[in-house]
Amino acid sequence: MKTEPSTYSIDRLMAEKTTHWEGIRNYQARNFMMRDMRIGDDVIIYHSNASPPGIVGLAVIASDAYPDHFSWDDASPYYDPKSTKENPRWFMVDVAFRSKFKNMIPLEVLKSDPNLNDMLLVKKGTRLSIQPVQEDIFDYIIRTYQS
DNA sequence: GCCAACGTTGGC
DNA sequence: GCCAACGTTGGC
């Protein structure tokens, strides 16, 4: 799951322990939350629009998907008039902190590792803010880079 | 249903 | 700040 540290960082997640992952406004990303995520699933936290961008820690899914009420709040940057309480368009999940890497893994390092050529994150044109990570890739990253 | 125009993401 | 690569919107 990607987040811009200026909006919500791994440090804040570490301090708050659990958060709701509001603001997803892309159908594919939403569908991953609604269809594929299960409580207890491991999550890689990635800082985008950071210097450098990269993987900063781990988290775990802590709820099923439920309506993102920020989409109903016209004072929120995530407001969407097409989403209503009766017919919610956008959903979120709760995410619980698991760990922060002592040394984050810069995107540049991920890109230069041939074992990660198939990881969506390093592929050109993949902008999704929520991406599935294959189990073997997840395990490889933990084994190789976790610190 | 097509597609031009526009908006967003996110690395650099 | 630039801009490539998407995604969305809305007229037709």
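Each chain gets a letter, A, B and so on, in the order the sequences are listed, and its residues count up from 1. The structure displayed is predicted, hence computed values, not measured ones.
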Please write out each protein N/O paired with an N/O of nucleotides 7-9 of chain B under 3.5 Å, distance rounded to 0.1 Å.
{"from": "B/dT8", "atom 1": "O2", "to": "A/R127", "atom 2": "NH1", "distance (Å)": "2.8"}
{"from": "B/dT9", "atom 1": "O3'", "to": "A/R127", "atom 2": "O", "distance (Å)": "3.4"}

A/P77 side chain reached by A/Y79 side chain, heavy atoms, under 4.5 Å: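 No. Closest side-chain heavy atoms not under 4.5 Å.
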Touch class at under 4.0 angstrom, heavy-atom based, for A/K123 against every strand present: nothing
Let me check something: any side-chain donor-acceptor pairs from residues 131-141 of chain A under 3.5 Å, sequence neighbours excluded? List them with distances.
{"from": "A/Q131", "atom 1": "OE1", "to": "A/L121", "atom 2": "N", "distance (Å)": "3.1"}
{"from": "A/Q131", "atom 1": "NE2", "to": "A/L128", "atom 2": "O", "distance (Å)": "3.1"}
{"from": "A/Y140", "atom 1": "OH", "to": "A/D113", "atom 2": "OD1", "distance (Å)": "3.3"}
{"from": "A/Y140", "atom 1": "OH", "to": "A/D113", "atom 2": "OD2", "distance (Å)": "2.6"}
{"from": "A/Y140", "atom 1": "OH", "to": "A/N115", "atom 2": "ND2", "distance (Å)": "2.9"}

Atom-to-atom span, CD of A/E108 to C1' of B/dG10 - whole angstrom: 16 Å
Any A/K124 side-chain N or O less than 4.0 Å from OP1/OP2 of B/dC12: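 No, A/K124 has no side-chain N/O under 4.0 Å of OP1/OP2 on B/dC12.
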Donor-acceptor side-chain pairing of A/W90 and A/D80 below 3.5 angstrom: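 Yes, side-chain donor-acceptor contact under 3.5 Å.
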Exceeds 12 heavy-atom contacts within 6.0 angstrom, atom CD of A/E108: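 Not more than 12 within 6.0 Å, no.
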Centroid-centroid under 6.0 Å between A/H20 and A/F70 rings: yes
